[in-house]
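Remarks on the structure that follows.
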Amino acid sequence: MLKLTFALTRRPELTREAFQDYWFNTHAPLVASVRETLRIKRYVQMHSLPVEISEDLRRSRGGAEGYDGVAQLWWDSFDDLVANAQNEAAKAAGRLLLEDEARFIDLPKSPLWWGQEKVIF
């Protein structure tokens, strides 16, 4: 399986609570509505806890500021994803999701990458 991981930073005008509420209650149903068109097999949101809960851990490792959440999406394969990318309905669905993401995500500060899971246990 192919996985897309997206580390999300909220737009500066949003509180963490407003960001996470919009992401879960507005954006997630939108993703669900196009899952078949985009051939998404699984979609998971991990909402970060308040900053102060993780601050000691972050500081002990000299880490950077955290993210407001992480999204993970699964596809059967990269080949399947590429083949579907030429589908006009899939292109439209991708544009729809990106337009909505721009409403609540600071896109330049939110890295995303493709990867394959290696399950250890």
Side-chain angles (χ1 to χ4, degrees):
M1 301 235 20
L2 176 70
K3 184 189 276 190
L4 176 68
T5 300
F6 194 180
L8 306 176
T9 299
R10 69 184 182 271
R11 290 177 53 104
E13 69 272 15
L14 297 174
T15 65
R16 179 184 306 264
E17 294 77 18
F19 165 84
Q20 290 177 345
D21 179 71
Y22 186 92
W23 183 28
F24 185 73
N25 292 304
T26 302
H27 189 70
L30 188 61
V31 175
S33 76
V34 296
R35 71 181 287 189
E36 289 183 19
T37 302
L38 293 175
R39 299 182 184 174
I40 300 169
K41 299 301 180 187
R42 185 171 185 208
Y43 172 51
V44 175
Q45 294 181 349
M46 188 171 79
H47 293 227
S48 63
L49 297 175
V51 173
E52 57 274 7
I53 292 174
S54 299
E55 183 58 23
D56 287 343
L57 178 62
R58 182 194 69 77
R59 204 172 327 125
S60 73
R61 294 170 178 247
E65 294 296 321
Y67 295 100
D68 297 298
V70 173
Q72 294 184 316
L73 298 96
W74 284 256
W75 283 265
D76 281 333
S77 70
F78 194 72
D79 290 340
D80 184 53
L81 182 70
V82 169
N84 194 40
Q86 301 310 310
N87 177 328
E88 290 302 320
K91 289 179 185 179
R95 285 190 301 270
L96 177 71
L97 294 181
L98 182 58
E99 288 170 9
D100 192 56
E101 289 166 359
R103 292 184 177 101
F104 68 105
I105 300 170
D106 188 338
L107 294 170
K109 292 183 179 177
S110 300
L112 64 162
W113 62 93
W114 295 107
Q116 291 182 319
E117 256 184 7
K118 303 290 185 184
V119 178
I120 308 305
F121 58 87

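Here the CZ-NE2 distance, from Phe19 to His27, works out to 9.0 Å after rounding to the nearest 0.5 Å. In this structure, the separation between CZ on Arg16 and CG on Leu49 is 8.5 Å, given to the nearest 0.5 Å. To the nearest 0.5 angstrom, Glu101 atom CD is 8.0 Å from Leu8 atom CG. Note that the CG atom of Leu38 and the OH atom of Tyr43 stand 12.0 Å from one another [nearest 0.5 Å]. To the nearest 0.5 Å, atom CG of residue Leu2 and atom CZ of residue Phe78 are 7.0 Å apart. Rounding to the nearest 0.5 Å places CZ of Arg10 at 10.5 Å from NZ of Lys109.
Put simply, Met46 and Tyr67 are part of two different groups of oily side chains (I, L, V, M, F, W, Y) that touch within less than 4.5 Å, one to the next. Grouping the Ile, Leu, Val, Met, Phe, Trp and Tyr side chains by contacts below 4.5 angstrom, directly or via other members, places Trp114 with Leu112. Note on Leu73: it clusters hydrophobically with Leu107, by side-chain heavy-atom contacts below 4.5 Å among ILVMFWY residues. Clustering ILVMFWY residues whenever any of their side-chain heavy atoms sit less than 4.5 angstrom apart, transitively, puts Leu98 in a cluster other than the one holding Trp113. Linking ILVMFWY residues whenever their side-chain heavy atoms come closer than 4.5 Å, directly or via other members, places Leu4 and Phe104 in the same cluster.
Using a 4.5 Å heavy-atom cutoff, the side chains of Ser110 and Phe6 are in contact. Side chains of Ile105 and Trp23 form no contact here, defined as non-hydrogen atoms less than 4.5 Å apart. Taking 4.5 Å as the limit, some side-chain heavy atom of Arg103 sits within range of a side-chain heavy atom of Tyr22.
No donor-acceptor distance shorter than 3.5 angstrom exists from the side chain of Asp76 to the backbone of Lys41, with no hydrogens or angles considered. Checked by atom type and distance alone, the side chain of Arg11 pairs as donor or acceptor with a backbone atom of Ala102 at under 3.5 Å.
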When you look at Trp74 and Val44, which way does the side chain to side chain contact (heavy atoms under 4.5 Å, CB included) test go after all the steps? CA-CA 9 Å; Trp74 284 256; Val44 175; 3.6 Å; yes
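In this structure, Glu36 places its CD atom where only 12 or fewer heavy-atom neighbours from other residues, nucleotides or ligands lie under 6.0 Å away.
Minimum heavy-atom separation, Asn84 to Thr37: ND2-O, 2.8 Å. In terms of heavy-atom proximity, Ser48 sits nearest to Gln20 at O-NE2, 3.0 Å.
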